[in-house]
Amino acid sequence: RSSDLVHPNRCEEEAARMGSLAGGGRYDGLVGMFDPKGKKVPCVGVSIGVERIFSIVEQKAQTSDKQVRTTSTQVLVAAAQKGFLEERLQLISTLWDSGIPAEMLYKKDPKLLSQLHYCEDTGIPLVAIIGEQELKDGVVKLRIV
């Protein structure tokens, strides 16, 4: 940025050891330079350093013990055995209708272990497991991952 084009009222937020995250101010002189009559045009502007913000977030994620969630999904609908695609689809539809963010693996018969690994990798906190016994009992097994 060219500081001689910015009014002295500019403000900047500083982050520890990262420099400016955002800056801005009045740009009356800059806009007036492009007016053929040299008219002063009141103008303000702001700039945000997105790359620096991502660097800070990335640093915090690396030093934190917490896993960064990559999805807003709350429940993964899983099957314990083969042949439960229709039941998984019915359950996920019910969850969606209730406003609960849910998803499932889109393989016809995914292995339970791969479904649980998917939850761990993406940070999905709950798994709703459908199996033969659960269908007989009319329940769904809910497991915290």
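Note that these values count all heavy atoms, side chains included, but never hydrogens, waters or copies made by symmetry.
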Notebook entry, point to check: Which heavy atom of G131 sits nearest a heavy atom of A80, and at what distance?
Noted result: CA-CB, 4.2 Å
Check: Can you hop from L91 to L85 via hydrophobic side chains spaced under 4.5 Å?
Finding: yes
Notebook entry, point to check: Is the number of heavy atoms from other residues, nucleotides or ligands within 6.0 Å of CD1 (I144) greater than 12?
Noted result: no
Note to self: Quick check: closest heavy atoms across E132 and Q81, and the distance to 0.1 Å?
What the structure shows: N-OE1, 3.0 Å
Item checked: Heavy-atom check, side chain of L76 versus side chain of R143, under 4.5 Å -> no
Check: Which pair of non-hydrogen atoms, one from S72 and one from P101, has the smallest distance, and what is that distance?
Finding: O-CB, 3.6 Å
Margin query: When you group the ILVMFWY residues by side-chain heavy-atom contacts below 4.5 Å and let the links chain together, are L135 and V75 in the same group?
Written below: yes
Notebook entry, point to check: Atom CG of L126 and atom OG1 of T73: how far apart are they, to the nearest 0.5 Å?
Noted result: 11.5 Å
Check: Do L142 and W96 share a hydrophobic cluster, counting only Ile, Leu, Val, Met, Phe, Trp and Tyr and linking them when any side-chain heavy atoms are less than 4.5 Å apart?
Finding: yes
Notebook entry, point to check: Between the main-chain N or O of P110 and the side-chain N or O of Q115, is there a donor-acceptor pair closer than 3.5 Å?
Noted result: yes
Next item on the list: Evaluate the criterion side chain to side chain contact (heavy atoms under 4.5 Å, CB included) for residue pair V77 and E87; output intermediate values, then yes/no.
Entry: CA-CA 10 Å; V77 176; E87 290 82 359; over 6 Å; no
Check: To the nearest 0.5 Å, how far apart are CD1 in I92 and CD1 in I100?
Finding: 11.0 Å
Item checked: Euclidean distance, I130 CD1 relative to E86 CD, rounded to 0.5 Å -> 11.0 Å
Note to self: Do E103 and T122 have side chains that approach each other closer than 4.5 Å (heavy atoms only, starting at C-beta)?
What the structure shows: no
Check: Hey, is the main chain of T94 close enough, under 3.5 Å, to the side chain of S98 for a donor-acceptor pair?
Finding: yes
Item checked: Straight-line distance of M104 CE to F84 CZ, nearest 0.5 Å -> 13.5 Å
Check: Roughly how far, to the nearest 0.5 Å, is NZ of K107 from NZ of K82?
Finding: 11.5 Å
Checklist line | I124 and V145, any side-chain heavy atoms less than 4.5 Å apart | finding: no
Next item on the list: For R88 and Y106, indicate whether the former's side chain and the latter's backbone hold a donor-acceptor pair under 3.5 Å.
Entry: no
Check: Got I48 and L21 here, is their nearest side-chain heavy-atom distance under 4.5 Å?
Finding: no
Margin query: Test side chain to side chain contact (heavy atoms under 4.5 Å, CB included) on I129 and V140; report intermediate values, then the result.
Written below: CA-CA 6 Å; I129 302 173; V140 173; 5.9 Å; no
Margin query: Using 0.5 Å steps for rounding, measure from the CG atom of L112 to the OG atom of S114.
Written below: 8.0 Å
